[in-house]
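Structure first, then comments.
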Amino acid sequence: MTCLETLTMTRTFAITFLSLITCWAVSQAQHEPGFCTFYDECGSNPLVEGSLIEDKIPCLDKSRARALSGQHYQKLKEVCPMLDEGEGNTFACCSEEQLESLESSLTMSRAILIRCPSCATNFGHLHCINTCSPNQSQVVNVTRTVTVNITGQMKEAVVAYQAYMSTHFAEASFNSCRNVRIPATGGFAIGAMCGRYGAALCTPQRWYDFQGDTSNGLAPLDIDFYLIPEGAPVPPGIVPYNGRALRCNESTGMGNDSLPCSCQDCADSCPVVPSPLPPAQPFMIGQVDGVLVICLVTFSMLFLLFLGFLLVRSFLHGHGKDEDKGKDKGKGRDKNGNDVSQLIDPKSVKFTDKASLAMQAFLGSLFERWGIMMASHPLKVLVISLLVVIVFTVGLINIELTTDPVELWSAPNSRARKEKEFHDKHFDPFFRTNQVILTAPGHPSHTYDSLLFGMQNFSGIISKDLIIEVLELQSRIQAIEFWSDELNRTASLKDVCFAPLNPKNPSLTDCAVNSLPQYFQNSLDNLNDKINMTELGVTKEVDWRDHLIYCLNSPLSFKDITDLGLSCIADYGGPVFPYLAVGGYENEEYTTAEALIMTFSLNNYPRDSLKYRLVQKWEQMFLDILKEYQMNPTTNFTFAYMAERSLEDEINRTTVEDIPIFMISYAVIFVYIAVALGENSSCKRILVDSKFLVGLGGILVVGCSVLASMGFYAWVGIPSSLVILQVVPFLVLAVGADNIFIFVLEYQRDQRRTHETREEQIGRVLGNVAPSMLLCSLSESICFFLGALSTMPAVKSFALYAALAVLMDFILQMTAFVALLSLDSRRQDANRCELVCCITVSTPRSSTPSEGSVMYSMRRYYAPLLLHSFTRIIVMVVFLFMFCGSIYLMFHVTVGLDQELALPKDSYMLEYFKYLFKYFEVGVPTYFVTTRGFNFSSLEGMDAVCSSVGCDMFSLTQKIRYATENPELSYLGIPASSWVDDFLDWLHPGSRCCRLYTWGPNEGQFCPANETSFYCPVKCMAQPEGALRPTVDEFNRFLPDFLTNRPDLLCPKGGLGAYDKAVVINESGEIIASRFMAYHTPLINSQEFTAALKRSRELAENITQSMRAVNGTSPEFEVFPYTVTYVFYEQYLTIVQEGLFNISLCLLPTFVVCCILLGLDLRSGLLNLLTIVMITVDTVGIMTLWSIDYNAVSLINLVTAVGISVEFVSHLTRSFALSTLPTHVERAKEAVVNMGSAVFTGVAMTNLPGIVVLAFAKAQLIQIFFFRLNLIITLLGMVHGLIFLPVLLSFFGPDVNKALLLKQQQEAKDKTVKDEHAHENESFESNESNTHIPLSNSRQ
């Protein structure tokens, strides 16, 4: 024993001894065995006012204990069975009337304690000893009496006494009760029986002090309980009661008390439950991250393989040079640089080369003829194209924009949606929360010396003036009224509020409003009330602070322990738990809270309901009041607030406000395209050679393709979304601009051939570039159509809209844009100025095509530097390292989307979320919902659900309780409320809850607890033998009564408010749905919300399997968890797999289409695919570095990234594959110069200006997932397409197409023969002219 413990025990002994000596001196009672101290009743206590029960007090009587017999004996045996010694041998100091009063008093406590029989027995044990023990004078010492008039006789009535018990008995009794729960709240019953201390600070002494305190309205007289340690001194004649108190896991062998308490209420009754598995640990190899090790090993292997490849190639190249020494070096090349000295044997041409050539010839010829036709009839083509677009676009009148987050991100057939629909169909939708969290940082704190509670610290916000101000604000909000056309009258809060105890016809005070003023029933008079009170000889004033201290620690109390006599129950009839009224406290020191919380709960309605418009209007007025209040300079609070509609409102607001940003972005892109497409051959021709109208036409083509896509799907009935409006135009612009640049730049660089018309030139140019445009557009369109297989509605609709938009863009480019370019070429050939076509310029057009500064720079500087031998090796090593590093980072990307990111930076909701995470002490409620197919009315069915005495150790509610013991793993903080448990307690004959009328108009029907026993002497059920379980008929008969019974002091187990909407019974009486409400721990981010959903589902699945094992249970019966957030966070359980599936589907067509259009060129297809995969992986890696979470919005952008990557990659791949230059490096240079310049100006430089503008958007969602992510995609696409891919092709690209080379050689040979033949003809004609004799001369 420590010195501190010794000192404490010595001090306890001294105080006890002094107190007892004082009491002995005051009392003159005789303390002997077999004698009483009081007997019979002497009316009501004249010193008690506002008692909540009948305050009958005993008469002072020091006579011997009476022998009991007959009805008197039977009553004692029923109420105090521990005193039964058999009829004729039982003595007691209580009359039959006293036993009835004692029974009535114990009935109230048994209503909440009866679920643990040993606790209920121990609780009644001491009160039976004090009231009826035959040795009463040895355990009780009267300290105060008053003279009363009883039927004309003056008697001494006892109004205060001391009760003595051993600490062993007191502690054992307390320990048997300390874990008994109240299923409706998930809290402990002891918390309602320990006054201001609550469950956490309750001790045996405090527990008994509360029971003997008349100020709480539940004790008829004052009792001072003395807990005497073994060996401590006591007054002469006093023998502290030291009976045997049952442990909670013991049975008493008396009726219902024959069974021990359940695990839910008694830790000693719990079986050994294995600890839940801890979260999966990260993959480690030794002490190092396993993924990092694998990535480093992979990079090392790839690096060594690449190094080996270089060495082998160098050896073979050197060996080849030795063999070539001495060979004839006079073999030349043609004008294109092709090696024509080595003729291609037609037999050596592979099938794939022939197929590739045939495909290119077919596509080139097809598009050439098509281009000539479009260019020859431009006006007709434009009119027809416009009509087609208009037909599609007219569908926009039926467009439906989806703004509901549930409809956007949760699939209709997803599990969460089905569970939500089941819940909302059978129960009311989750009520709507409107909340204000107030703080007062500058307000001074103070210390209060309470008469009852000692020194107490009060924070600045817990001050009377601020509470009054909160009350005024609350009253102003409650008084909201507005005219409703739907109701044709003035509507107010009562029309939409959640009124749990009067749902059918609520008044304003029935509305559930949780706030600190509710501890004063929203009454300013109660708040201002004060009174002088005497305690232990000290008189001081008690006021609102004493009442508040008590209520915060005992929110279920109907009367505080001060002389104020105020209730703690809110005006709507329910308790206000402290974690719903205050926040920012530690260790349950509620008066030091830093925030006050005010919550208005409203009913929820379907969006097409008339009431939905009412509740939306009320919430808007609620927000208006708070905005006005916040701007008021006299406001003493710093606060945050939200309404149920706030999140959707703010998202829609920022979308509208950011529309100008998108418009500016498009304008910047348009200006760039218009300027970049123009030729700058001469300053005098700048207005002739500009391509302003062509650029505008290209933009209009993109816009028309998007509008046509949206119009078509509006016709079909597929809704659009704001994500589509923001992303699809950017995507189509990237694709369309690239194709426009390739086409226009190729036309500008081309020189019209002799005898070739303008239309034929346009057709020939289109034949050259259209296959490449087709390759990209078709790959992207098929990619997006396959992406529509996604289960996420937003991703699915985006993919559908994007696929058709890309396809329409290509079609319009092949028609309208070709026609537009034809018209512009006519203007340019006629030297007419753009915009003012009537003005012509005399300066002729240059006969030499201009290649432009970008192409020149790439030819002169960039390509030689990039494809230098040393540079190529560095590029390969750097990009391999970046790829492996991104794979490592990809495994560490954060999955989720915090809802704050959907809001603009200036949103008031951001402040609310900050306050919520800082001050709120409890998480969201979650329901464990049961479906149809389980028989709750059977004995086995009840035991499989309940958690009280006699229930299955692994029942539904018991398993949830086990989960709450590990909140860091289960994310459950408060056990589930159980209507089955409270129904069984409500039925118990030991309580007053369920009785029957025995006469009158309601004979045989349910009788509420507030009705007198005169009308309702019969209990619904008889005293059971063992655990109480109703029959099927009794279950079905009384359950509706329980669900509609309003709880009160006499029967706190009534189900109205707590359970009336928790059980759904069909017409045949079958329970088709029910729910059990628990609470999550406070959840801060999307990762915790997702983990909570996963753990709850695992728990529900475990419960489902065990309940299906109950006889008669349907195999389709199910238990599932539900809360409002699950439908949003379910996607993150599978979004990684969903993303891999969608991106894989997008990658597949890029490979297949590339192979097919390049004539089964597998190597080109694989290199194309590899580069796109690297872009995608590197994008995810940089997302990790730049704090961009992976979610559905990211997935949409990653799918877009695949589409844009095709533009960066496929054009160069095709250009390389069709090049006939002799070496890989030269072919790569040609591809970079010819196609790289168009890709750079058409994709990279088109996207970048528009993306940079998005950095100025207000919405964080746009800044992060559109600006940052699109910038990453564009930059990575550019560096991979213009740096990595050319180098990759220079090393591993396909060989020259021999079929194409053979064709060129054949054409060169034919041309040579033709030239020689032409030369011979010229010589022959020359000789003939010299020897020719005219016909006229010959005739002469």
Side-chain angles (χ1 to χ4, degrees), residues 408-409 411-414 705-706 708-710 712-713 716-721 723-724 727-732 734-736 738-739 773-811 1131 1134-1158 1160 1162 1164-1177 1179-1180 1190-1210 1213 1269 1273 1277:
L408 276 175
W409 306 114
N413 59 347
S414 68
S705 64
V706 173
S709 175
M710 296 179 65
F712 172 79
Y713 286 116
V716 176
I718 298 176
S720 181
S721 67
V723 175
I724 292 173
V727 180
V728 171
F730 261 107
L731 172 65
V732 180
V735 176
D738 187 29
N739 289 343
M773 297 163 64
L774 175 65
L775 169 62
C776 293
S777 298
L778 191 59
S779 298
E780 292 158 357
S781 187
I782 295 175
C783 160
F784 291 127
F785 274 123
L786 291 176
L789 296 175
S790 171
T791 59
M792 294 184 189
V795 177
K796 182 176 183 177
S797 59
F798 161 77
L800 286 173
Y801 276 79
L804 185 57
V806 170
L807 190 59
M808 287 295 300
D809 183 57
F810 176 75
I811 293 172
Q1131 59 182 299
T1134 58
I1135 196 169
V1136 173
Q1137 300 90 322
E1138 179 91 13
L1140 290 174
F1141 173 75
N1142 282 312
I1143 292 173
S1144 299
L1145 284 180
C1146 285
L1147 292 172
L1148 180 63
T1150 64
F1151 171 71
V1152 173
V1153 173
C1154 183
C1155 289
I1156 292 175
L1157 294 186
L1158 290 179
L1160 302 180
L1162 294 179
S1164 294
L1166 287 173
L1167 295 178
N1168 203 56
L1169 178 64
L1170 173 63
T1171 309
I1172 295 173
V1173 169
M1174 290 180 67
I1175 294 173
T1176 307
V1177 171
T1179 298
V1180 178
Y1190 174 69
N1191 47 56
V1193 182
S1194 304
L1195 178 56
I1196 288 175
N1197 281 280
L1198 289 174
V1199 173
T1200 304
V1202 174
I1204 294 178
S1205 299
V1206 170
E1207 294 292 326
F1208 280 110
V1209 172
S1210 297
T1213 303
L1269 197 48
I1273 292 168

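On a predicted model such as this, the values are computed, not experimentally measured, just so you know.
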Considering non-hydrogen atoms only, spot the tightest contact between [X] and [Y] and give its length.
{"X": "Ser1194", "Y": "Asn1191", "answer": "N-OD1, 3.0 Å"}
{"X": "Ser1210", "Y": "Asn1168", "answer": "OG-ND2, 3.2 Å"}
{"X": "Val1206", "Y": "Ser779", "answer": "CG1-CB, 4.1 Å"}
{"X": "Phe810", "Y": "Ser777", "answer": "CD1-OG, 3.6 Å"}

Of all residues at least two apart in sequence or in a different chain, which pass the side-chain contact (heavy atoms from CB on, under 4.5 Å) check with [X]?
{"X": "Leu1162", "answer": "Phe1151, Cys1155"}
{"X": "Thr791", "answer": "Ala411, Glu1138"}
{"X": "Ser1205", "answer": "Ile1172, Ile1175"}
{"X": "Ala1201", "answer": "Ile1273"}

I'd like to know if the side chain of Ser709 and the backbone of Ser705 have a donor-acceptor N/O pair within less than 3.5 Å.
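No; zero donor-acceptor contacts below 3.5 Å.
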Measuring from [X]:[atom1] to [Y]:[atom2], what's the distance to the nearest 0.5 Å?
{"X": "Asn1142", "Y": "Leu1198", "atom1": "CG", "atom2": "CG", "value": "10.5 Å"}
{"X": "Cys1146", "Y": "Phe1141", "atom1": "SG", "atom2": "CZ", "value": "10.0 Å"}
{"X": "Leu1169", "Y": "Met1174", "atom1": "CG", "atom2": "CE", "value": "12.0 Å"}
{"X": "Ile782", "Y": "Thr1150", "atom1": "CD1", "atom2": "OG1", "value": "10.0 Å"}

For residues Leu804 and Phe784, determine if any side-chain heavy atom of one lies less than 4.5 Å from a side-chain heavy atom of the other.
no
If you define the side chain from C-beta out and look only at heavy atoms, does anything of Ile1135 sit under 4.5 Å from Tyr1190?
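SC-SC contact between Ile1135 and Tyr1190 confirmed.
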Single hit among Thr1179, Leu1145, Ile1143, Val1173 for side chain to side chain contact (heavy atoms under 4.5 Å, CB included) with Val1202
Ile1143
Verdict with reasoning, Thr1200 to Asn1197, per side chain to side chain donor-acceptor pair (under 3.5 Å):
CA-CA 5 Å; Thr1200 304; Asn1197 281 280; 5.2 Å; no
Across all chains, not counting sequence neighbours, the side-chain hydrogen bond (donor to acceptor under 3.5 Å, both in side chains) partners of Ser781 are none
Identify every side-chain donor-acceptor pair in residues 792-803 under 3.5 Å, counting partners at least two apart or on other chains, and give the distances.
{"from": "Ser797", "atom 1": "OG", "to": "Pro793", "atom 2": "O", "distance (Å)": "3.0"}
{"from": "Ser797", "atom 1": "OG", "to": "Ala794", "atom 2": "O", "distance (Å)": "3.2"}
{"from": "Tyr801", "atom 1": "OH", "to": "Ile718", "atom 2": "O", "distance (Å)": "2.8"}

